[in-house]
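This report concerns only the one structure given below.
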Amino acid sequence: MPKGTDEGAARDSEVVSRFVEQFAAQLVEAGMPRMPARIFAALLASDSGALTSAELGEQLQVSPAAVSGAVRYLTQQHMVSREREPGSRRDLFRVHSNQWYEALANRDGVLKRWENALNDGVVSLGADTPAGRRMAETLAFFEFVELELHGMLERWRVHRASLFGK
């Protein structure tokens, strides 16, 4: 079993593997690409929350290229971070305990870009046309989501601190 997965734990690797594949399937169903979903689930299921590329490849039986592409996607989505293994030239990929918060919080820039594009659409198509009204409604929805997201993330920080003391 790879060193980062379950250091000293007496886990059944087949049970862990089954969980990883089942959770990854749920992520794929929600729209995440398959290999990043498998990598993310494997990191999430490891006790350390961090594995090297070689450990991920060994655990998931995939090529280094597949791991590389998947972790690039996950780092761009702010779901994992790349660290240097102390005293080594090997990269370590880590999932953080608050990764869902980080992933949602970093969507703010995407929402702003969508809002700007939709605003341009309203102006270009004309606010009084059916298409312009549809754009305006979509724009209003994303503006609402952005405002709600900020409040929800703040409430999560408070709730998380009450549950986990962090």
Side-chain angles (χ1 to χ4, degrees), residues 2-9 11-12 15-53 55-56 59-60 62 66-86 91-122 134-166:
K3 96 175 169 188
T5 39
D6 298 309
E7 297 100 347
R11 289 198 195 158
D12 182 339
V15 170
V16 172
S17 181
R18 202 167 28 254
F19 164 78
V20 165
E21 296 304 328
Q22 288 171 349
F23 187 61
Q26 294 302 312
L27 294 171
V28 169
E29 184 76 21
M32 184 183 283
R34 184 172 184 272
M35 191 53 61
R38 293 181 72 214
I39 298 285
F40 182 74
L43 288 168
L44 200 60
S46 70
D47 281 343
S48 66
L51 298 168
T52 66
S53 180
E55 290 168 334
L56 286 163
Q59 181 179 341
L60 299 173
V62 297
V67 171
S68 177
V71 296
R72 184 172 35 261
Y73 173 88
L74 291 167
T75 56
Q76 290 169 347
Q77 300 302 313
H78 305 281
M79 295 183 77
V80 302
S81 62
R82 180 188 308 255
E83 301 171 2
R84 187 62 72 175
E85 194 173 57
D91 285 330
L92 198 60
F93 302 104
R94 178 175 305 281
V95 64
H96 297 281
S97 60
N98 210 15
Q99 78 279 346
W100 297 111
Y101 172 89
E102 292 297 325
L104 280 175
N106 285 298
R107 291 286 174 237
D108 203 32
V110 172
L111 288 175
K112 274 290 181 216
R113 288 193 301 274
W114 290 355
E115 289 171 17
N116 291 336
L118 288 164
N119 194 47
D120 290 346
V122 171
R134 202 168 32 254
M135 292 289 158
E137 183 177 345
T138 304
L139 172 59
F141 172 77
F142 283 118
E143 289 170 338
F144 175 81
V145 166
E146 184 180 17
L147 287 173
E148 289 298 309
L149 184 60
H150 289 285
M152 181 185 68
L153 291 175
E154 180 56 36
R155 288 188 303 278
W156 167 248
R157 283 191 290 272
V158 171
H159 183 66
R160 180 177 186 241
S162 73
L163 291 174
F164 304 105
K166 296 179 182 178

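Note that the coordinates shown come from a computational prediction; the quantities given were computed from them, not determined experimentally.
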Seminar exercise, completed: Taken to the nearest 0.5 Å, the spacing of L147 CG from L111 CG works out to 10.5 Å
Exercise. Counting only heavy atoms not in E21, do more than 12 fall under 6.0 Å of its CD?
Worked result: yes
Seminar exercise, completed: So CD of E143 and CD of E148: to nearest 0.5 Å the spacing works out to 13.0 Å
Seminar exercise, completed: Rounded to the nearest 0.5 angstrom, the CZ-OG distance for F93 and S68 is 7.0 Å
Exercise. Heavy atoms, side chains only, cut-off 4.5 Å: are R72 and Q76 in contact?
Worked result: yes
Problem set entry | Non-hydrogen atoms of M35 and V62 that approach each other most closely | CE-CG1, 3.5 Å
Problem set entry | Donor-acceptor contact present, side-chain R160 to main-chain W156, <3.5 Å | no
Seminar exercise, completed: Minimal heavy-atom distance between A41 and F19, with the atoms involved, is O-CE2, 4.4 Å
For this session: Look only at the side chain of Q59 and the backbone of L56, and say whether a donor-acceptor pair between them is shorter than 3.5 Å.
Result: no
Problem set entry | Where A50 and L92 come nearest, the two heavy atoms and their spacing | CB-CG, 3.8 Å
Exercise. Rounded to the nearest 0.5 Å, how far apart are CD of E154 and CG of L149?
Worked result: 12.0 Å
For this session: Could you please spell out the steps behind the side chain to side chain contact (heavy atoms under 4.5 Å, CB included) verdict for L60 and V20?
Result: CA-CA 9 Å; L60 299 173; V20 165; 4.0 Å; yes
For this session: Could you check if a side-chain atom of R38 sits within less than 4.5 angstrom of a side-chain atom of P36, using non-hydrogen atoms only?
Result: no
For this session: Please report the closest heavy-atom contact between L74 and F40, naming both atoms and the distance.
Result: CD1-N, 3.9 Å
Problem set entry | F141: which of L139, V145, T138 passes side-chain contact (heavy atoms from CB on, under 4.5 Å) | V145
Problem set entry | Gap separating the CG atom of N116 from the CZ atom of F142, nearest 0.5 angstrom | 13.0 Å
Problem set entry | Side-chain touch W100/M79, heavy atoms, less than 4.5 angstrom | yes
For this session: Show your working on side chain to side chain contact (heavy atoms under 4.5 Å, CB included) between I39 and V67 and close with a plain yes or no.
Result: CA-CA 7 Å; I39 298 285; V67 171; 4.0 Å; yes
For this session: Please report the shortest heavy-atom distance between S162 and H159, naming the atom on each side.
Result: OG-O, 2.7 Å
For this session: For the pair E115 and K112, find out whether any cationic side-chain nitrogen is under 4.0 Å from an anionic carboxylate oxygen.
Result: yes
Exercise. Under the side chain to side chain contact (heavy atoms under 4.5 Å, CB included) criterion, do Y73 and Q77 qualify, and how do the steps go?
Worked result: CA-CA 6 Å; Y73 173 88; Q77 300 302 313; 3.7 Å; yes
Exercise. So, for R34 and V28, which heavy atoms are closest and what is the spacing to 0.1 Å?
Worked result: CA-CG2, 3.5 Å
Exercise. Got a donor-acceptor contact below 3.5 angstrom from the R94 side chain to the R82 backbone?
Worked result: no
